[in-house]
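In listed order, ligands and their atoms are each counted from 1. Any value given below was found using the heavy atoms of this structure, including those in side chains, with hydrogens, waters and symmetry copies removed. Quick caveat: nothing in here was measured; it's all calculated off a predicted structure.
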Amino acid sequence: VSAVNTAPSKGIYLMLSAEKSSLGDEGYELNIEDNLITLSALKPAGLFRGIQTLRQLLPAKIEMAVLQAGPWEIGTGTISDSPEYAYRGAMLDVARHFFGVADVKHFIDQIAYYKFNVLHLGLTNDQGWRIEIKSWPKLTTYGGSTQVGGGKGGFYTQEQFKDIVKYAQERYITIVPEIDMPGHTNAALASYPELNCNGKQPTLYTGTNVGFSTFCMNNEKVYKFIDDVMRELSAISPGPYIHIGGDESHSTKKEDYIPFMNRVQEIVAAHRKKVIGWDEIASSTLKPTTVAQIWGNVKNAQATVNQGSKVLMSPAARAYIDMKYDSTTKLGLKWAGYIEVDKAYTWDPATYTPGVTRGNIIGIETTLWSETISTRAQIDFLTFPRLPGYGEIGWSAASARNWDTYKLRLAKHGARFKAMGINYYPSKLVPWETK
Ligand code: TNX
């Protein structure tokens, strides 16, 4: 790569241009001629997204880890491209099973290839607390020491977390860290029993039930705890959002839940971050900047938009990639139904929920909960080939999407998955081309 003052006559030329303002922060224009490829964008993020398109236009063997011989042929033409939604996310649950820094970076590379711009990390849950909080050290030394099934668990030091953040930033991906509360908090309660109303220390939990733990709502120490966690987390999270969970708090009284969520929104705001929460938070008074992540409840979605707040679309029946593909899939859950590759693709966020329209939606997010997966190959299997479809739902206009043509384009990515060593599910619905 070298810097130039004028356009070269051959090669691949990357150009930032203020004239491209209509393309927005992530849009790009790709002009491929016989001798010269010109990629132009308003912002570096746009160049990065355009490079992913260029990679996908080149032969699949470009993705192999070992140097390959050319010819590196590519069709000529012009592409002018920009995203439909500003938020295009993937969520990885590192609490139920812990995934180390290398696995997270690998996942970041995979989502970057399909132009995602958010990685939401589920950092805490009943089974484990995965992010170092220096003022409450037992959260990780004790609360992070196990995982589903009773294995070793683990956590990120703040330095490691910063390294993940930087790696993501280099790919124009923002990390959204989630601290789930007031339920899904057994690991915190086991580490600091004073956060529990009865003050008793629960044992560490390695099963997969939900809804049995809650912070004590009327204890000021809980709010001090949350403030400390948000202070330390904000300091290492440059992105605009912190996710506060709020889902499945079945052990919290509703009359406690609402004021709790109101107060936690204020705590997060005091650290100059905006809140995302699972759709249950719609029962509280939402700040205009608070986003509800809709995982299925239509009433919660409507309550959010009626309050003037925005939603992030993650309907479990379509967007949960921890769901099995069909009855023969060994990994995954099925409470939201089976999600074959076509079902994952053939929905439109803007029309999916009655009463919620395009203008209410910041974007979409696919979620990978990790109750049943603990290895990179298992992440791959549930993620591919569904991930590119969510990338396209987030990026392309609904009018430009169609399963019959998409499946042919996806089929060609079989060879790319192979070149990248991805352990994908070879769905029978897709006419795979693996050469
Ligand atoms: C529901 S969706 C959960 C998670 C589980 C997931 C499994 C949501 C906000 N909560 O606690 O891991 O189902 O699919």
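Annotation: cation-pi geometry not satisfied between K324 and Y338 (NZ/CZ under 6.0 angstrom from ring centroid, within 45° of ring axis). Stacking of R386 on the aromatic ring of Y325 is recorded, both the 6.0 Å distance cut-off and the 45° axial limit being met. A cation-pi contact, defined as under 6.0 Å to the ring centre and within 45° of the axis, is absent between R318 and Y352.
Between S80 and L23, the shortest heavy-atom distance links the atoms OG-CD2, 3.6 Å.
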Please evaluate residues D227 and R231 with respect to the criterion salt bridge (charged side-chain N to carboxylate O under 4.0 Å, His left out), reporting the C-alpha separation (whole Å), side-chain torsions for both, the decisive distance (0.1 Å), and the verdict.
CA-CA 6 Å; D227 189 52; R231 177 180 317 102; 2.7 Å; yes

Run the side chain to side chain contact (heavy atoms under 4.5 Å, CB included) check on Y320 and W335 step by step: do they pass?
CA-CA 10 Å; Y320 269 35; W335 66 263; 3.8 Å; yes

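The shortest N/O to N/O separation between Y320 and ligand 1 does not fall below 3.5 Å. When only interatomic distances are considered, the shortest N/O to N/O separation between W369 and ligand 1 does not fall below 3.5 Å. Looking at ligand 1, you won't find any N or O of N125 less than 3.5 Å from one of its N or O atoms. Geometrically, ligand 1 and D247 share a nitrogen or oxygen pair separated by less than 3.5 Å. Not one N or O of W278 is nearer than 3.5 Å to an N or O of ligand 1, by distance alone. Annotation: D322 places an N or O atom under 3.5 Å from an N or O atom of ligand 1; distance criterion only.
Counting heavy atoms only, E248 comes closest to atom 3 (C) of ligand 1 of the residues M91, M323, K334, E248.
The shortest heavy-atom distance from H184 to ligand 1 is under 4.0 Å. Using a non-hydrogen distance threshold of 4.0 Å, Q293 does not register as a contact of ligand 1.
A salt bridge does not link D163 to K166: none of the charged side-chain nitrogens sits closer than 4.0 Å to a carboxylate oxygen.
Across E266, Q307, Q265, a single residue satisfies side chain to side chain donor-acceptor pair (under 3.5 Å) together with K287, and that is E266.
The L333 neighbourhood of ligand 1 comprises atoms 7 (C), 14 (O), with distances under 4.0 Å to a heavy atom of that residue.
Distance from atom 5 (C) of ligand 1 to its nearest protein heavy atom, with residue and atom name: E371 OE2, 3.3 Å.
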